[in-house]
Number of protein chains: 2
Amino acid sequence: MSINPAPRAYQVVLDSIESDLRSGKLALGDQLPGERALAEQHQISRASVRDAIRILDVLGLVKTSTGSGPNSGAVIISNPAAGISQALRMHLAAKGINVREIVESRILLETWAAQMPPRNPLHAQQVIDRTAVLIMRMDDAQLSREEFHRIDAEFHVLLASMAGNTVVESMMESLRHSISHYVAESIPNDESWQPVVRVLRRQHKAIHHAFATNQRERAAQLIEEHITWFYSQTR
Amino acid sequence: MSINPAPRAYQVVLDSIESDLRSGKLALGDQLPGERALAEQHQISRASVRDAIRILDVLGLVKTSTGSGPNSGAVIISNPAAGISQALRMHLAAKGINVREIVESRILLETWAAQMPPRNPLHAQQVIDRTAVLIMRMDDAQLSREEFHRIDAEFHVLLASMAGNTVVESMMESLRHSISHYVAESIPNDESWQPVVRVLRRQHKAIHHAFATNQRERAAQLIEEHITWFYSQTR
DNA sequence: ACGCATAGTATGGTCAGACCACACTTCGAA
DNA sequence: TTCGAAGTGTGGTCTGACCATACTATGCGT
């Protein structure tokens, strides 16, 4: 029985950075000190510092690039979808999560966001306009399935952003990307895909119309049906 | 303009493992080959293999331990909450999150989880038992406020876990830190805290009673009132 | 034949030092 | 003034070493 649960060397760097983020000492767009500098600051090896940076990278919190100058090194970004959706995807593969949980969560978040009165009416109007553009782009018959899914994801994330809640927005971004592999597998050929995509287009337009005419309850209901229907097709 | 978006060495290991998980060649509880073996298999250095293992570790997909034998090395587990909640927590730290968003998210997640029929009755019963213990501990008049907030947050996270949705659970878990922090900050001195804590204790007990007697709708309602009431006290 | 201390072996964790490709910076030559 | 070459600092990778740990095999003493 070991009392010491193995304190990892990289943890001190992680803690230090998280603390700096909370206190505002570090903000989006800032550049982290170099790996060699951080190693000396915390009196650990560069390898351990790299562990920490690598973790932040995978979590979508920093973007690293080689070279010198203001855009080099590790720069603070915030791309929650990167880390969280990778985590979800992996756990899906390992059978630690099932699709039901993800669908449930999507319905929860999206219907909530739909029902909420928009926090910023101007932003809401922009969302309605931009989603209209996305709907038109999804009408393009030449669109590859991959591209369709990308725009589809953007459509849903945009709608969810109307409520103006960071937590919900971040999770939405991640959820929508985590299951693309699963979706691609479950509807294998283009013959079965064609009728599906027609229904999806119709549903998207109905949802958009509900938002545009400010029928938020109805929008929520349509979204739930939309998500539920689509996943009923994936078997 | 570089066409090559920097192919990382560790990615091949990650892909290989994800693929083995999907095909079932790797399953929960299995042991990964040693780092030195993986390095040779993929013709990369042990350092790069370690990057991959470290990522799986952070994502909650493997547990690593030193020594030899069947329980040593990297073993496949699936602890989605670990990875997701850490990622989300860091992003919330980076973006800055305000109290309204925390409160909103809490109400959304907690009332939903309360209303859902528990997926695993055994686990639900354990939660009811464990929250009872937490309630007793929060009755201790000697308890420091800091400790009270910690247990309070744990109480709510536990309740949210009853629905058996890992994603929702992870979201709550990632809010834990923010919750106890904002709760602690909002009421400065002990004089104003004493009457508040009495109400909180009463509310906790009522919530627990509703769960114990399987009045889930009522529990959800009480939780919403509980959170809203406290929020109203913070001004 | 058994029990138990010991040496052996394989594991991940950490470190040091080196080299590379890259991107920007600086400075000198045309 | 312009432009190319050298310089500098960055992360990415590799090698090889040493450590603490935990299991495994050995062999001694009974």
Side-chain angles (χ1 to χ4, degrees), chain A residues 1-17 26 29-77 79 82-83, chain B residues 1-17 26 29-77 79 82-83:
Chain A
M1 228 11 187
S2 85
I3 307 178
N4 266 5
R8 305 297 182 86
Y10 65 79
Q11 195 63 44
V12 306
V13 182
L14 239 42
D15 289 346
S16 154
I17 290 175
L26 279 176
D30 285 359
Q31 216 173 348
L32 250 52
E35 297 181 351
R36 292 153 180 94
L38 283 173
E40 189 160 4
Q41 275 178 37
H42 295 94
Q43 289 288 295
I44 57 180
S45 74
R46 192 186 153 206
S48 296
V49 171
R50 283 186 59 75
D51 278 353
I53 305 276
R54 160 90 46 255
I55 290 169
L56 295 176
D57 181 34
V58 168
L59 259 36
L61 250 147
V62 304
K63 163 187 80 65
T64 63
S65 37
T66 62
S68 68
N71 275 339
S72 77
V75 177
I76 309 264
I77 60 173
N79 179 11
Chain B
M1 225 15 183
S2 84
I3 308 177
N4 266 1
R8 306 297 183 86
Y10 65 80
Q11 195 63 45
V12 307
V13 182
L14 239 41
D15 290 346
S16 154
I17 290 175
L26 279 176
D30 285 359
Q31 214 173 351
L32 250 53
E35 297 181 351
R36 291 155 180 95
L38 283 174
E40 191 161 1
Q41 277 178 37
H42 296 93
Q43 289 289 295
I44 57 178
S45 74
R46 193 186 152 207
S48 296
V49 170
R50 283 185 60 74
D51 277 354
I53 305 277
R54 160 88 46 253
I55 290 168
L56 293 176
D57 183 36
V58 168
L59 259 35
L61 250 141
V62 304
K63 161 187 81 67
T64 62
S65 37
T66 62
S68 67
N71 276 337
S72 76
V75 177
I76 308 265
I77 59 174
N79 179 11

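Proteins come first, then strands; the chains are lettered A, B, ... in the order of their sequence lines, and each starts at number 1. None of the values given here were measured: they were computed from a predicted structure. Worth knowing before you read on, the calculation uses all heavy atoms, side chains too, and leaves out hydrogens, waters and symmetry mates.
The side chain of S48(B) contributes an N or O atom lying less than 4.0 Å from OP1 or OP2 of dC14(D). Taking only side-chain nitrogens and oxygens, S72(A) never comes nearer than 4.0 Å to OP1 or OP2 of dC22(C). Regarding contacts with the backbone of dT21(D), every side-chain N or O of S68(B) stays at 4.0 angstrom or more from both OP1 and OP2.
Protein atom CD of E40(A) is 12 Å distant from nucleotide atom P of dG17(C), rounded to whole Å. In this structure, NZ of K63(B) is placed 12 Å from C1' of dT11(C), rounded to the nearest angstrom.
Looking only at side-chain heavy atoms (C-beta outward), D51(B) and R54(B) stay at 4.5 Å or farther from each other. Looking at heavy atoms from C-beta onward, L32(B) lies in side-chain contact with L26(B) at the 4.5 angstrom threshold.
Atom CD of E40(B) has 12 or fewer neighbouring heavy atoms from other residues, nucleotides or ligands inside a 6.0 Å radius.
Side chain of Q41(A) to backbone of V13(A): no donor-acceptor contact under 3.5 angstrom is found.
When the nucleotides dG12(D), dT14(C), dC24(C) are ranked by their closest atom to the side chain of P70(A), dC24(C) comes out on top.
Both A9(A) and N71(A) lie close to DNA chain C; mapped to their nearest nucleotides by heavy-atom distance, the more 5′-ward contact belongs to A9(A).
Among the protein residues, G67(A) comes within range of the nucleic acid bases, having at least one heavy atom under 4.0 Å from a base atom.
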Which pairs, protein N/O on one side and nucleotides 15-18 of chain D N/O on the other, fall under 3.5 Å?
{"unit_1": "dA17(D)", "atom_1": "N6", "unit_2": "R46(B)", "atom_2": "NH1", "d": "3.3"}

